[in-house]
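Read through the structure below, which is laid out as structure tokens, and then see the notes.
Every chain is numbered from 1, with letters handed out A, B, ... down the list of sequences. As the structure is a computational prediction, the values presented were derived from the model and not from experiment.
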There are 2 protein chains.
Amino acid sequence: MQLDERKYRILQAIIDDYIMTAMPVGSRTISRKSGVGFSPATIRNEMSDLEELGYLAQPHTSAGRVPSYKAYRLYVDHLMKTCKLTSDERERMHEHLMSRSKQVEGVIRSAANVLSDATKYTSVIVAPKLGTLRIKHVQLVPVAERTALMIIVTTAGIVKDAVIRVPEGLDADDLYGISRILTQRLADQPLAGVRQAFADLLKNAEQNRKLLGEALQVIEKRLEQGGDASDVIVGGSANLLEYPEYSDVNKARSFLSVLESKDTLRQLMGREGSMEVSIRIGPENQVPELNDCSIVTASYRVGDHSTGTLGIIGPTRMNYNRVISVLDFMGRALSDVLSEYK
Amino acid sequence: MQLDERKYRILQAIIDDYIMTAMPVGSRTISRKSGVGFSPATIRNEMSDLEELGYLAQPHTSAGRVPSYKAYRLYVDHLMKTCKLTSDERERMHEHLMSRSKQVEGVIRSAANVLSDATKYTSVIVAPKLGTLRIKHVQLVPVAERTALMIIVTTAGIVKDAVIRVPEGLDADDLYGISRILTQRLADQPLAGVRQAFADLLKNAEQNRKLLGEALQVIEKRLEQGGDASDVIVGGSANLLEYPEYSDVNKARSFLSVLESKDTLRQLMGREGSMEVSIRIGPENQVPELNDCSIVTASYRVGDHSTGTLGIIGPTRMNYNRVISVLDFMGRALSDVLSEYK
DNA sequence: CGTTAGCACTCGATGGCGTTGAGTGCTAAC
DNA sequence: GTTAGCACTCAACGCCATCGAGTGCTAACG
């Protein structure tokens with residue numbers, strides 16, 4: 001059996017309705033809806049077909065139909081009509097985004113808030129992978145006897161720091177000098193290529209070998225552990241509790257637990273290079289706790305070589321349409337703001 | 001009517017029981033409990049008295065009694081027996097705390113996790129007020145034409161940064177030089193006193209007046225807005241949903257909303273100078289959404305002049321005993337770790 | 001006089017039961 | 001191919017009786 005034009009229209013109407021109400025949709029409801037001029041009985045026949053094809057399901061015999069995962073997939077791939085944001089709305093979002101533009105982290109936090117406010121779902125933003133960022137500046141600052149703070153400034157003014165041990169007897173001026181050397185040699189290297197650059201450096205700097213060795217280790221550790229908790233920012237975690245699918249406290253709790261595990265989130269938000277919006281529906285995402293959620297992600301650019309991810313997590317019956325528009329817009333906006341510092 | 005020894009004992013037994021079960025406590029339960037050798041009838045009489053005195057309340061006629069806010073106050077002030085953590089437990093907490101000791105923010109995040117894991121409530125840690133920290137180092141790094149990143153390293157290796165505009169034609173070396181001057185002049189100043197130091201500096205540096213002016217403004221703005229969202233770290237926000245008092249989704253939602261508003265939290269965690277553990281029960285704290293929560297806070301030291309706050313938010317029937325022990329221990333542990341970098 | 005056993009009373013929680021109504025599938029007529 | 005009609009299903013709702021934990025009161029007890 002093939003889907004004809006009418007089946008598409010009916011399926012779309014059902015999904016639209018279910019997205020709004022979260023209640024199983026009956027044949028009468030669809031029949032009444034403008035645009036589909038058929039009686040409930042006809043609709044029922046079609047619904048029965050759609051159920052057999054796996055697009056619809058019935059919670060129980062005498063209830064209406066609920067779209068299946070397969071239906072959502074079809075919906076986002078073919079059926080959905082895209083809506084544009086009003087320019088008024090764009091403006092407000094952009095304005096809010098700029099309100100804390102003095103620091104990169106502030107911008108990202110604002111963006112997460114804008115996303116969750118605009119969609120009423122939960123937003124997640126992941127900073128670009130460290131390995132893809134380029135070093136702008138390295139600075140060692142003494143903080144105590146035999147202890148220094150290493151600060152690495154990268155693309156777009158993203159700052160990373162770590163405490164390292166230094167050999168005895170180095171004063172502020174020594175560290176200053178070493179910082180200059182480090183900066184000179186490492187500037188414009190991607191963090192990922194820093195091992196080689198460092199190796200070269202070590203050859204020529206016998207007396208500070210130990211210090212440089214430690215610095216290298218710290219940077220590498222940072223790279224392989226792939227970012228810390230502050231690289232994943234969540235907004236609107238309370239929003240999901242608005243929806244009836246989370247009126248069960250246990251579901252809500254397991255959802256919130258996932259939001260607290262930044263590692264899981266980072267993995268969940270991983271995506272291939274493309275700038276396109278990507279949609280993962282229900283069982284398509286790996287984490288079992290989120291099997292009745294959908295995750296929509298987009299990318300933003302930082303500098304020339306790095307991209308980060310911004311996304312929305314909501315129930316499978318989310319308003320994909322709006323979420324896509326918002327993410328698309330915010331991805332561009334965020335890229336713009338962050339590449340100002342490029 | 002005065003509280004005699006027996007009333008104290010009974011009240012304590014009731015509160016202990018209620019903290020464990022969250023169910024109204026009946027006279028039989030207390031009578032059965034070892035240590036109080038009286039019949040249910042006697043207990044009932046006493047309970048009736050305690051109710052009249054405002055320490056107990058009945059949800060409805062044929063239910064047991066529930067402790068009132070006043071009872072908890074009495075409990076934490078006089079009745080509660082303090083328990084010690086096992087040395088095993090201390091060790092595990094300390095170990096976990098050290099696992100990410102390379103960065104200050106990492107340590108604080110770990111601490112928040114340790115707190116929420118050890119208590120099963122929600123933890124909040126607030127970084128020290130910016131104004132009380134001392135400047136260690138100032139560094140300007142070029143990030144684009146006419147744009148620089150100003151990095152301020154303070155006590156204990158806490159790093160703050162902001163993007164600032166700089167006059168045209170300044171290259172990396174110029175900024176380097178200016179950074180040296182700034183660091184020299186501002187080192188060991190408390191951030192709060194920086195205005196005066198800056199004013200002095202401006203007198204002698206005619207040609208870079210505009211740049212320095214902007215830098216000053218940025219620092220001051222940071223000071224008066226009193227910290228950004230990353231200064232307030234929350235752990236275990238999902239924990240509270242374990243408790244029956246939050247099985248109502250609406251309550252849960254409003255609670256989570258408070259956790260998202262970092263400003264409210266910072267205000268909520270404000271406390272006077274003392275290092276003592278402080279307890280605010282139910283209506284004692286200002287935010288109406290948290291009127292059936294208790295907030296227990298302690299301080300940790302950063303360097304010589306600054307303190308931050310760590311705390312636990314839980315239901316009024318929280319296990320005060322344990323929470324206090326954990327906070328007390330973690331306050332010290334956190335101070336130790338952070339003053340290593342002093 | 002404080003303590004306690006006994007007892008009637010209260011009231012939320014629980015579970016069975018009939019009713020209601022939204023929705024279905026099937027059939028026959030258009 | 002479409003639709004009106006109809007019997008059927010089943011969760012949701014409200015009603016009611018039952019149950020039991022807990023109370024307050026009174027009278028008896030040491």
Interatomic distance where CG belongs to B/Asp49 and P belongs to D/dT23 [whole Å]: 14 Å
Spacing of A/Arg65 atom CZ relative to D/dT9 atom C1', expressed in whole Å: 13 Å
Min side-chain heavy-atom separation A/Glu245-A/Arg317 under 4.5 Å: yes
Rounded interatomic separation in angstrom, taking CD1 from B/Ile30 and P from D/dA21: 16 Å
Gap between atoms CD and P, on A/Gln58 and C/dG23 respectively (whole Å): 11 Å
Pairing residues for A/Tyr121 by the ring-ring contact (aromatic ring centres under 6.0 Å, His included) criterion, not counting sequence neighbours: A/Tyr243
With 3.5 Å as the limit, what N/O pairs link the protein to nucleotides 15-17 of chain D?
none

Nearest-Å distance for atom pair CG/C1', residues A/Asp17 and C/dG23: 14 Å
Atom-pair distance (CE on B/Met23; C1' on D/dG20), nearest Å: 13 Å
Per-nucleotide pairing state of DNA chain C [Watson-Crick or G-U, under 3.5 Å; [ ] pseudoknot-crossing; | other strand]: ||||||||||||||||||||||||||||||
Qualifying residues under side-chain hydrogen bond (donor to acceptor under 3.5 Å, both in side chains), relative to A/Ser116, sequence neighbours excluded: none
Nucleotide D/dA21, atom P - distance to CD1 of B/Ile43 in whole Å: 18 Å
Residue pairs fulfilling ring-ring contact (aromatic ring centres under 6.0 Å, His included) with at least one residue in residues 244-269 of chain B, sequence neighbours excluded: B/Tyr246-B/Phe255
Per-nucleotide protein contact string for nucleotides 4-21 of chain C (B base, S sugar-phosphate only, - none; heavy atom under 4.0 Å): BBB---BBS---------
CA sep, side-chain torsions, deciding dist, call: B/Ser278, B/Arg271, side-chain hydrogen bond (donor to acceptor under 3.5 Å, both in side chains): CA-CA 8 Å; B/Ser278 122; B/Arg271 57 206 304 282; 4.5 Å; no
Rounded interatomic separation in angstrom, taking CG from B/Asp4 and P from C/dC1: 17 Å
Options C/dT24, C/dG25, D/dT23, nucleotide nearest the side-chain atoms of A/Ser48: C/dG25
B/Phe38: partners by ring-ring contact (aromatic ring centres under 6.0 Å, His included), with sequence neighbours left out: none
Those residues that, when tested against B/Asp17, pass salt bridge (charged side-chain N to carboxylate O under 4.0 Å, His left out) (two or more places apart): none
Please set out all donor-acceptor pairs under 3.5 angstrom arising from side-chain atoms of residues 321-328 of chain A, sequence neighbours excluded.
from: A/Asn321; atom 1: OD1; to: A/Cys83; atom 2: N; distance (Å): 3.0
from: A/Asn321; atom 1: ND2; to: A/Lys81; atom 2: O; distance (Å): 2.4
from: A/Arg322; atom 1: NE; to: A/Ala118; atom 2: O; distance (Å): 3.0
from: A/Arg322; atom 1: NH1; to: A/Glu89; atom 2: OE2; distance (Å): 3.3
from: A/Arg322; atom 1: NH2; to: A/Glu89; atom 2: OE2; distance (Å): 2.6
from: A/Arg322; atom 1: NH2; to: A/Ala118; atom 2: O; distance (Å): 3.0
from: A/Ser325; atom 1: OG; to: A/Cys83; atom 2: O; distance (Å): 2.9
from: A/Ser325; atom 1: OG; to: A/Asn321; atom 2: O; distance (Å): 2.9
from: A/Asp328; atom 1: OD1; to: A/Arg332; atom 2: NH2; distance (Å): 3.3
from: A/Asp328; atom 1: OD2; to: A/Arg332; atom 2: NE; distance (Å): 3.3

C/dT24 OP1/OP2 closer than 4.0 Å to side-chain N/O of A/Arg28: no
Partner residues of B/Lys84 under the salt bridge (charged side-chain N to carboxylate O under 4.0 Å, His left out) criterion, sequence neighbours left out: none
OP1 or OP2 of D/dT2 under 4.0 Å from side-chain N/O of A/Arg6: yes
Residues in salt bridge (charged side-chain N to carboxylate O under 4.0 Å, His left out) contact with A/Arg253, at least two apart in sequence or another chain: B/Glu242
Partners meeting salt bridge (charged side-chain N to carboxylate O under 4.0 Å, His left out) with B/Asp292 (sequence neighbours left out): B/Lys251
